[in-house]
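Down below is the structure, laid out as structure tokens.
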There are 2 protein chains.
Amino acid sequence: MNLRELSQLLGLSQTTVSRALNGYPEVSEATRNRVQQVARDHNYSPNARAKGLATGRSHAIGHVIPISHRHEMVNPVFGDFISGVGEVYAREGYDLVMSVVTTADELNTYRTLAARSSVDGVVLHAPLMEDPRIPLMRELGLPFVVHGRASHEELPYSWLDVNNKSAFQRATDFLLDLGHRQIGLINGLEMQDFAFRRREGYVAALKSRGLDLDPTLMRSDEMTEVYGYESAKEMLQSDAPPSAFLVASMISAYGIRRAIQEAGLVMGSDVSVVTFDDDLSYLSNRQDIPIFTACRSSVRDAGMRVAEMLLRQIKAPQSPLEQTLLEAELIAGRSTGPFTGQI
Amino acid sequence: MNLRELSQLLGLSQTTVSRALNGYPEVSEATRNRVQQVARDHNYSPNARAKGLATGRSHAIGHVIPISHRHEMVNPVFGDFISGVGEVYAREGYDLVMSVVTTADELNTYRTLAARSSVDGVVLHAPLMEDPRIPLMRELGLPFVVHGRASHEELPYSWLDVNNKSAFQRATDFLLDLGHRQIGLINGLEMQDFAFRRREGYVAALKSRGLDLDPTLMRSDEMTEVYGYESAKEMLQSDAPPSAFLVASMISAYGIRRAIQEAGLVMGSDVSVVTFDDDLSYLSNRQDIPIFTACRSSVRDAGMRVAEMLLRQIKAPQSPLEQTLLEAELIAGRSTGPFTGQI
DNA sequence: TAACCCTTCCAAAGCGCTTTGATAATTTTT
DNA sequence: AAAAATTATCAAAGCGCTTTGGAAGGGTTA
């Protein structure tokens with residue numbers, strides 16, 4: 001069922017039917033109702049490609065997911081983020097077009113996306129400190145919003161980010177206030193902007209109390225369970241083991257907890273742990289009393305906000321760029337306690 | 001840069017340029033090379049919508065992700081599966097169109113997808129035992145492949161599934177061979193076909209040795225860490241605690257391990273655990289010796305195969321339906337050992 | 001009654017591509 | 001050398017929609 005058939009069925013022109021369905025005023029209420037009714041009865045939906053060709057927009061948003069071929073990591077955060085943006089897109093009638101590409105093809109994928117004009121805008125994920133995608137998007141003239149920030153980017157752009165620095169600074173302060181002095185930092189890959197900023201927060205907190213940094217207490221890698229486990233295990237076996245850990249992901253926190261238990265220690269009394277909690281649905285930390293003390297910021301919520309920002313920008317291209325900085329909550333759970341000197 | 005501009009630039013007709021770029025034979029090699037060169041120089045890619053409108057196909061595959069609004073769960077398996085299908089789509093020049101919808105809207109989303117003809121085919125996720133999507137897809141005439149199976153569906157359809165029953169039957173046998181008799185089953189939601197089949201495997205193994213089922217040892221729920229923890233904790237506190245657990249996901253297995261450690265027991269000697277391992281990149285169980293004894297089947301690999309099946313079907317609609325049954329490997333790790341009677 | 005103005009509808013062009021059916025240009029066959 | 005076959009190119013139609021620029025029809029006003 002296409003527009004021509006539908007209009008013949010109704011004894012009206014395509015013009016009138018199109019206007020009736022798209023809410024234009026120059027059609028009487030009576031005909032509009034009749035048209036809508038018949039369209040519904042025949043389960044008519046306009047052909048997406050034809051509509052797009054005529055209007056010049058695709059009503060689709062692009063998400064490019066790079067897979068490094070060394071270790072095909074799919075960030076677990078990704079699912080929840082997508083579910084957040086996806087909900088908004090669905091509500092607003094936009095499609096989500098995803099391209100899974102190798103990091104080598106990434107920039108070309110954006111070029112092609114723009115050249116074929118298959119999307120009206122894109123969301124940039126996991127920015128590096130200096131990210132070539134941002135100037136590229138400007139060059140291509142494609143609306144975009146960055147989830148995160150690129151510290152070294154000088155020109156303005158739209159972004160939404162969690163205040164990673166203040167979150168980790170507060171978390172570190174929290175541990176310091178509990179009396180901990182040896183705090184292990186189990187960070188994500190520090191080429192990623194978020195991880196770099198978290199480290200800055202950790203460093204700032206220590207510095208402001210005049211404490212020295214101990215490089216043996218600072219790790220940076222892909223945030224798996226095993227990484228958390230191995231890092232914590234090694235640190236706990238050292239001569240001056242940390243009495244607390246600050247960790248960048250729930251999954252690695254599980255690993256740290258395992259290392260603590262395996263060492264015959266108790267998390268929350270012997271060793272404290274503070275984690276960053278993206279509030280993932282399958283890795284929930286939400287109990288009566290949360291298992292982990294954590295900086296919490298829902299990545300699903302971030303996805304919804306990013307989507308709204310981008311759609312606003314697409315609908316009103318002249319509107320000013322938006323920047324949103326979210327503060328993570330620091331929620332106290334069972335995994336922290338005062339320094340006991342037991343370790 | 002569009003086709004008209006490009007052809008003017010070349011002093012050729014649109015026809016010739018189009019044929020040159022699409023590999024048709026009725027154009028000389030000399031002109032073809034010239035056309036391709038100039039197209040590349042000007043970064044020309046044909047407009048996706050115009051091409052789709054002209055050819056009648058979208059070169060896109062739909063994935064509909066339902067979010068139950070009770071608890072906005074995004075299955076962690078999802079990310080790896082998407083990265084698998086996405087890699088194949090990218091290689092074959094297809095887009096991945098994702099719709100995140102509430103379960104209530106799900107069927108209508110498929111209807112709309114078909115009516116607007118925005119995709120050339122769809123992948124069905126997480127089938128129920130009796131799944132209304134399968135007859136609907138037939139009605140809509142949209143090519144589709146199911147990841148999993150629907151036990152109660154009678155007519156043939158394309159699917160790819162892991163042999164969940166034999167996997168859990170082997171796993172149960174493995175535990176029985178080690179001397180365990182009280183085996184806790186921490187299953188997924190049994191309205192899902194895969195979970196139902198896993199349970200069948202567990203039941204079959206017990207029955208074939210003349211053992212009775214103990215309903216207090218069988219749980220079914222969304223597979224979170226806390227679910228694994230709570231279930232194991234309760235079972236271990238009972239009068240006749242299990243000496244082994246069979247669990248449907250790595251995440252819940254983490255929870256079980258935690259409950260075991262917290263009870264002062266050692267996983268792998270006091271209590272054995274076998275899990276299903278989807279080989280997720282961020283939850284890797286791949287060590288020199290795997291942490292968990294597990295039925296392993298890579299969901300990323302499954303995604304790649306599903307995508308290949310679907311694209312084959314789209315390219316040759318008359319070709320017969322394909323059914324693929326994968327066997328999971330049973331890999332021995334550190335989490336299992338002979339029954340000691342210590343529990 | 002004529003002139004004018006809304007309201008309601010429509011014919012036709014255009015979006016950027018593919019593809020059909022011809023037409024020139026060249027080569028081969030008779 | 002003329003006829004036939006092949007090669008290389010093109011003009012134009014069509015995919016299904018939106019949108020521009022009218023044009024009827026009915027009601028008001030002068």
Side-chain angles (χ1 to χ4, degrees), chain A residues 1-36 38-39 42-60 93-95 112-120 315, chain B residues 1-36 38-39 42-60 93-95 112-120 315:
Chain A
M1 171 66 60
N2 60 25
L3 186 62
R4 189 165 45 79
E5 289 163 12
L6 185 65
S7 58
Q8 281 167 358
L9 208 71
L10 282 156
L12 291 169
S13 74
Q14 296 192 33
T15 309
T16 305
V17 176
S18 171
R19 309 209 109 144
L21 292 174
N22 290 314
Y24 283 76
E26 50 272 82
V27 54
S28 72
E29 271 315 302
T31 16
R32 187 192 304 284
N33 288 334
R34 194 164 69 92
V35 170
Q36 285 174 339
V38 175
H42 290 75
N43 194 33
Y44 169 78
S45 282
N47 181 295
R49 291 186 294 280
K51 183 163 187 159
L53 185 55
T55 55
R57 30 259 257 30
S58 58
H59 267 244
Y94 276 74
D95 281 340
T112 309
L113 236 35
R116 330 188 105 116
S117 95
S118 21
V119 297
D120 294 342
K315 288 173 187 167
Chain B
M1 172 67 61
N2 61 23
L3 186 62
R4 190 166 44 80
E5 289 162 13
L6 184 65
S7 58
Q8 282 167 356
L9 209 69
L10 282 155
L12 291 168
S13 74
Q14 294 192 35
T15 310
T16 305
V17 176
S18 172
R19 311 207 107 144
L21 292 173
N22 290 312
Y24 283 77
E26 50 273 81
V27 52
S28 72
E29 271 315 302
T31 22
R32 186 191 305 285
N33 289 334
R34 194 165 67 91
V35 169
Q36 284 175 341
V38 175
H42 290 75
N43 195 32
Y44 169 78
S45 282
N47 180 294
R49 292 186 294 280
K51 183 163 188 161
L53 185 55
T55 57
R57 32 236 315 357
S58 57
H59 267 243
Y94 276 75
D95 281 341
T112 308
L113 236 36
R116 332 190 104 119
S117 95
S118 19
V119 297
D120 294 340
K315 288 173 187 168

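Each chain gets a letter, A, B and so on, in the order its sequence line appears, and its residues count up from 1.
Considering only side-chain N and O atoms, T16(A) lies under 4.0 angstrom from the phosphate OP1 or OP2 of dC10(C). Close to dT9(D), at under 4.0 Å from its OP1 or OP2, lies a side-chain N or O of S28(B). OP1 or OP2 of dC17(C) sits under 4.0 Å from a side-chain N or O of Y44(B). For the pair T55(B) and dC15(D), the criterion of a side-chain N or O lying under 4.0 Å from OP1 or OP2 is not met. For dT18(C), the OP1/OP2 oxygens have a side-chain nitrogen or oxygen of K51(B) closer than 4.0 Å.
Residue R116(B) contributes atom CZ, which lies 11 Å from atom P of dC17(D) at whole-angstrom precision. Atom CE of M1(B) and atom P of dC17(C) are 11 Å apart (whole Å). What separates CG of L3(A) from C1' of dC15(D) is a distance of 13 Å, to the nearest Å. Rounded to whole Å, atom P of dG14(D) lies 14 Å from atom CG of N2(A). As rounded to whole Å, 16 Å separates atom C1' of dT18(D) from atom CZ of R4(A). In this structure, E29(B) atom CD and dT9(D) atom P are separated by 11 Å, rounded to whole Å. As rounded to whole Å, 14 Å separates atom P of dG21(C) from atom CD of E26(B). Here the P atom of nucleotide dC15(D) and the CG atom of N47(B) are 18 Å apart, to the nearest Å.
Heavy-atom nearest nucleotides on DNA chain D were determined for V27(B) and for S45(A), and the one closer to the 5' end corresponds to V27(B).
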Could you please spell out the steps behind the side-chain contact (heavy atoms from CB on, under 4.5 Å) verdict for L9(B) and E5(B)? CA-CA 6 Å; L9(B) 209 69; E5(B) 289 162 13; over 6 Å; no
Can S18(A) and T15(A) be said to form a side chain to side chain donor-acceptor pair (under 3.5 Å), step by step? CA-CA 5 Å; S18(A) 171; T15(A) 309; over 6 Å; no
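Judged by distance alone, the side chain of S7(B) and the main-chain N or O of V17(B) form no donor-acceptor pair under 3.5 Å. Formation of a donor-acceptor pair under 3.5 Å by the R116(B) side chain with backbone atoms of Y44(A) is not found in this model. Counting only distance, with no hydrogens or angles, the side chain of T55(A) and the backbone of K51(A) share a donor-acceptor pair below 3.5 Å. Of the possible donor and acceptor atoms, one in the side chain of T31(A) sits under 3.5 Å from a partner among the backbone N and O of S28(A). Looking at S45(B), its side chain never comes within 3.5 Å of a backbone N or O of T112(A) through a donor-acceptor pair. With hydrogens and angles ignored, the 3.5 Å screen pairs a side-chain donor or acceptor of R49(B) with a backbone N or O of G52(A). N22(B) places no side-chain N or O within 3.5 Å of a backbone atom of Y24(B) that could act as its donor or acceptor partner.
Rounded to the nearest 0.5 angstrom, L53(B) CG and S58(B) OG are separated by 12.0 Å.
Looking at the side chain of L53(A), the nearest of the listed nucleotides dG14(D), dC17(D), dC15(C) is dC15(C).
DNA chain C is contacted by Q14(B), T15(B) of residues 5-15 of chain B, taking any non-hydrogen atom closer than 4.0 Å. Remark: S18(A), R19(A), N22(A), Y24(A) in residues 17-25 of chain A come within less than 4.0 Å of DNA chain D through at least one heavy atom.
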